[in-house]
Amino acid sequence: MRTAPAIRLAAILLTLLVVGPRESAADGPALPAGDTRDVAAMLEGVGSVAMPGIPGNVTVFGPDAFPVIAGRVSGRPAVLVGAARYGRGRAVLFGHGYFAEGALRVGDTRRLIANVTAWAGGKSGARVGVREWKDLGPGLTAVGFSVVTLDGPDWTDRLRDVDVVFTHLAQLTEAEVEVMTRRIRAGLGVVSGMPGWGWQQLNPRLRLAEDNPCNRLLAPAGLVWGGDYLEKPSEGALTVSEPAPALSHAGLALEALLAHDEGDAPLVPADAALAVSTVARAIRELPAADKLLLPRLGRLLKHADDPRYVPTAARPLGDEHGLGKLLLTLQVQRDRLLPPAKIKAHPAAAAFPGDVPRGTRTVRVTHAVDLSVPGWHSTGAYAPAGEVVAVRVPSKSVGAGLELRIGAHQDALWHHARWSRVPEITVQRPLDDERTEHGNAYGGLVYVVVPPGGSAGTVDIELRGVVPAPHFVLGTTSNEAWRESLRAAPAPWAELESAKLIITVPSEHVRGLEDPEALMLWWDRMMDGCADLSAIPHERARPERYVADVQISAGYMHAGYPIMTHLDAAPRFVDLATLSTAGDWGMFHEMGHNHQRPEWTFDGTTEVTCNLYSLYLMETLCSKGIGHEAMSTESIYKNRTAYEIGGRAFGLWKAQPFTALIMYQHLRTAFGWDAYKRVFAEYRDLPDVARPKTDDDKRDQWLVRMSKTVGHDLGPFFESWGIPVSDAARGAVASLPKWMPPDPK
């Protein structure tokens with residue numbers, strides 16, 4: 001029976017966490033060799049630089065590496081540009097591709113590239129080899145560099161003729177990594193740029209730390225691409241007023257935290273928080289064979305049994321528990337890489353997602369999976385924390401892309417300052433053999449994941465080592481079977497399922513549920529209502545999902561697959577009496593996000609057009625209640641009046657979703673929901689060439705299409721709200737009778 005590979009990082013972490021720290025030369029402070037003069041040379045004359053796309057972070061952790069420029073992740077500094085010495089050579093990594101003309105002409109980016117080239121090449125007149133990024137050549141030539149283009153399969157043979165090379169390190173072959181390693185150590189400079197998160201999205205089954213060619217190349221220098229997203233400055237360019245802070249270097253940050261813990265050099269709270277986030281990020285991005293930082297992390301082990309470092313809703317783990325957060329991060333990383341037989345239940349699992357009752361026996365179940373339906377397939381089984389789940393699939397399904405998922409709570413919480421649960425508690429692994437083993441230190445509901453584009457047919461998946469979970473399937477499970485036994489199944493999490501929607505809540509909220517059939521029929525009507533407004537069929541490619549969690553990645557709820565909510569929403573999901581009368585604006589709102597289309601959602605309306613679904617469902621599905629106090633007659637009049645007094649500024653309209661929603665409500669009141677359905681159907685059927693490409697196009701098309709649908713010129717109405725549209729769009733509907741809503745007075 002095959003198991004997930006136990007790669008070297010797992011062995012190192014297991015040694016650290018079980019055997020204990022080892023005394024070695026790696027212990028103790030490790031200062032980066034790059035001093036302030038190197039950074040000053042690279043930043044000379046640089047006041048601002050481009051922030052193309054959504055840049056990723058660079059993880060700096062080696063003694064010969066140092067941060068150059070920082071952006072921000074969750075409000076805290078994170079490295080955007082990092083550098084390192086490697087043997088006699090030098091390397092610089094950018095968190096995005098900064099070498100195309102669009103970025104080069106923003107701020108002082110071109111000057112930064114010239115400075116970096118001189119540093120990486122060891123001299124101002126360095127010979128520069130450029131591969132892929134052809135826009136670099138003219139600018140570097142203009143400031144005195146000798147530039148050659150490196151093309152063809154034998155480009156590495158020409159590296160001896162240059163001092164520094166710009167190349168896409170993430171695209172290197174294994175042979176090229178070996179050549180580049182020798183050349184850099186012998187004195188070659190190298191510069192590259194890429195968002196690590198982008199590479200990870202394109203390679204979901206690979207690990208950025210282990211499999212990205214650049215990270216394999218430069219990890220021995222303590223410099224790798226990370227997987228975070230840097231925040232975009234509101235002004236577009238990034239102001240470079242000072243170098244990246246020293247505590248954005250993971251090695252320095254760790255030593256500072258250890259000294260702080262021992263009382264030798266206390267840190268102010270802001271610095272401690274930065275150090276924690278820096279080291280925690282590095283732990284998640286360390287390569288398997290790292291010998292620079294991993295051995296030093298063993299000094300955290302004196303905290304391994306401290307109950308203060310087990311996060312719960314009542315006692316969240318915050319920055320004041322800095323080393324505890326790092327220990328937990330280390331444990332998560334270890335558990336994700338260990339073979340299933342070596343995974344043990346983590347103490348935090350008892351608090352969330354919860355324990356299976358003591359004495360519960362595991363069972364064997366077989367679940368039929370429809371391969372034509374993509375996404376998570378609920379099995380009605382639960383994996384106890386730390387237990388091995390053995391899976392058997394038919395030979396014909398090996399290689400079909402099926403995966404096993406343990407856990408519904410997929411939101412990662414690393415970016416939060418305080419953790420009410422372990423930040424990452426789900427695992428998903430391929431079913432790449434007839435027999436495989438899986439495990440999760442936190443436990444969770446078990447799913448078979450089907451990739452998109454699957455073939456028709458059903459396959460039986462056998463699971464061993466699981467316990468039953470309360471699981472109701474509309475059209476398959478009877479109310480009688482549910483009441484007699486299924487709702488009492490021992491797992492701590494339950495699911496209520498139809499072909500259109502699946503709801504995941506703690507089992508305590510369904511133990512007393514008497515009529516799940518009526519409940520799920522109502523939820524199906526809700527989903528059909530969303531389909532009706534969207535002008536799409538009731539039948540769905542896959543069911544949508546709601547999952548309740550003790551802490552989520554963003555907001556009170558957020559859209560996606562699954563839609564995530566906090567635990568206080570869990571009892572509301574199963575309260576049919578309240579749902580059918582007062583509804584639930586927030587649940588409708590998030591489902592609206594999953595249905596809104598970008599073609600008719602222009603800037604400022606992301607949190608508006610989703611509320612059309614809230615309004616529609618409140619009106620068509622719920623017997624009373626307006627759903628949200630902002631949509632009461634009094635609030636509408638108050639908000640509209642305040643907007644008019646404020647000068648009908650479009651910027652204000654975009655910043656106040658419920659004020660903007662009034663405009664859409666006026667159209668519904670005057671022309672009914674059928675107008676929206678017809679317009680949405682028109683957008684649905686547009687060929688790609690006719691779809692709006694810019695925000696201006698979106699506003700223009702919305703005016704023209706809605707005006708023609710309702711048979712009135714809505715130009716004056718748009719103008720009254722301050723919505724900018726083009727003269728051409730106004731002219732396209734000018735022959736229609738003009739329309740304005742009646743004065744609310």
Side-chain angles (χ1 to χ4, degrees), residues 4-5 7 9 50-59 71 73 78-82 91-100 102-103 131-135 153 155 166-177 180 190-219 223-232 281-282 284-288 333 336-337 374-376 399-405 410-412 414-415 424 426-432 449-454 541-542 553 559-561 598 688:
I7 66 175
L9 179 55
M51 286 287 275
I54 302 177
N57 69 296
V58 174
T59 297
V73 173
V79 179
L80 170 66
V81 182
V92 182
L93 290 186
F94 287 68
H96 207 287
Y98 269 71
F99 316 125
R131 187 167 175 259
E132 290 109 359
W133 293 299
K134 303 303 190 300
D135 292 347
W155 68 275
F166 283 80
T167 186
H168 203 318
L169 294 176
Q171 296 177 353
L172 298 182
T173 66
E174 192 63 40
E176 288 169 343
V177 169
M180 289 291 289
V190 61
V191 184
S192 193
M194 180 201 74
W197 63 262
W199 185 92
Q200 188 67 79
Q201 285 190 355
L202 293 174
N203 300 275
R205 292 197 174 189
L206 300 179
R207 291 191 67 237
L208 181 62
E210 300 298 329
D211 301 313
N212 182 282
C214 173
N215 287 356
R216 294 202 310 274
L217 173 70
L218 296 180
L223 186 68
V224 295
W225 278 314
D228 265 325
Y229 303 79
L230 294 187
E231 299 163 6
K232 294 278 285 187
R281 185 180 301 114
R284 305 197 308 276
E285 295 164 352
L286 287 172
Q333 189 74 348
R336 293 181 68 80
L337 298 171
W376 304 0
L402 299 180
E403 296 184 300
L404 191 86
R405 160 173 281 275
Q410 71 169 5
D411 271 14
W414 300 110
H415 58 291
E424 199 164 349
T426 66
V427 296
Q428 186 168 314
R429 298 288 184 267
L431 295 172
D432 53 6
V449 184
V450 175
R542 70 177 183 189
S553 59
Y561 182 83
D688 287 343

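Side chains included, hydrogens not; waters and symmetry mates left out as well; all remaining heavy atoms used. Numbers for residues simply follow the sequence, beginning at 1.
- To the nearest 0.5 Å, atom OG1 of residue T167 and atom CG of residue L172 are 6.0 Å apart.
- Panel note: side chain Q200, backbone L208; a donor-acceptor pair is recorded below 3.5 Å.
- One N or O on the side chain of K232 and one on the backbone of G53 form a donor-acceptor pair closer than 3.5 Å.
- Of the inter-residue distances, the one linking N212 atom CG with R207 atom CZ reads 11.5 Å to the nearest 0.5 angstrom.
- In plain terms, the two heavy atoms of M51 and L80 that are nearest each other are SD-CD2, 3.8 Å.
- Here Q410 pairs with W376, R405, T426, P562 under the side chain to side chain contact (heavy atoms under 4.5 Å, CB included) rule; sequence neighbours left out.
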(request) Under the side-chain contact (heavy atoms from CB on, under 4.5 Å) rule, what do D211 and W199 come out as? Steps first, then yes or no, please. (result) CA-CA 10 Å; D211 301 313; W199 185 92; 3.9 Å; yes

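- A pairwise comparison of heavy atoms in P52 and H96 identifies O-CD2, 3.2 Å as the closest pair.
- Taking the salt bridge (Lys or Arg N to Asp or Glu O under 4.0 Å) definition, one finds that K134 meets it with D151, sequence neighbours left out.
- The two residues V73 and E231 have their closest heavy-atom pair at C-OE2, 3.5 Å.
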(message) Working note: V450 + R542, criterion side-chain contact (heavy atoms from CB on, under 4.5 Å); need CA distance, chi angles, decisive distance, verdict.
(response) CA-CA 11 Å; V450 175; R542 70 177 183 189; over 6 Å; no

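- Between atom CH2 of residue W225 and atom CG of residue L93 there is a gap of 5.5 Å, rounded to the nearest 0.5 Å.
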(request) Could you walk me through whether I54 and L230 pass the side-chain contact (heavy atoms from CB on, under 4.5 Å) test, one step at a time? (result) CA-CA 6 Å; I54 302 177; L230 294 187; 6.0 Å; no

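- Residues that satisfy the side chain to side chain contact (heavy atoms under 4.5 Å, CB included) test with A559, not counting sequence neighbours, are E590, H593, N594.
- When all heavy atoms of A209 and P287 are compared, the closest pair comes out as O-CB, 3.8 Å.
- For P451, the side chain to side chain contact (heavy atoms under 4.5 Å, CB included) partners two or more places apart in sequence, or in a different chain, are L402.
- Here E424 pairs with R336 under the salt bridge (Lys or Arg N to Asp or Glu O under 4.0 Å) rule; sequence neighbours left out.
- Across all non-hydrogen atoms, the minimal contact from P55 to P195 is C-CB, 4.4 Å.
- With sequence neighbours excluded, the residues that form a salt bridge (Lys or Arg N to Asp or Glu O under 4.0 Å) with R284 are D228.
- Every residue meeting the ring-ring contact (aromatic ring centres under 6.0 Å, His included) condition with F94, not counting sequence neighbours, appears here in chain and number order: Y98, F99.
- For R131, there are no salt bridge (Lys or Arg N to Asp or Glu O under 4.0 Å) partners two or more places apart in sequence or in a different chain.
- The CZ atom of R216 lies 11.5 Å from the CG atom of L169; values are rounded to the nearest 0.5 Å.
- Every side chain to side chain contact (heavy atoms under 4.5 Å, CB included) that H415 has, sequence neighbours left out, goes to S74, S553.
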(message) Run E285 and N57 through side-chain contact (heavy atoms from CB on, under 4.5 Å) and show every step you take.
(response) CA-CA 11 Å; E285 295 164 352; N57 69 296; 3.4 Å; yes

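- Residues P430 and R205 are in side-chain contact: their nearest non-hydrogen atoms beyond the backbone lie under 4.5 Å apart.
- Rounded to the nearest 0.5 angstrom, L218 CG and T59 OG1 are separated by 12.5 Å.
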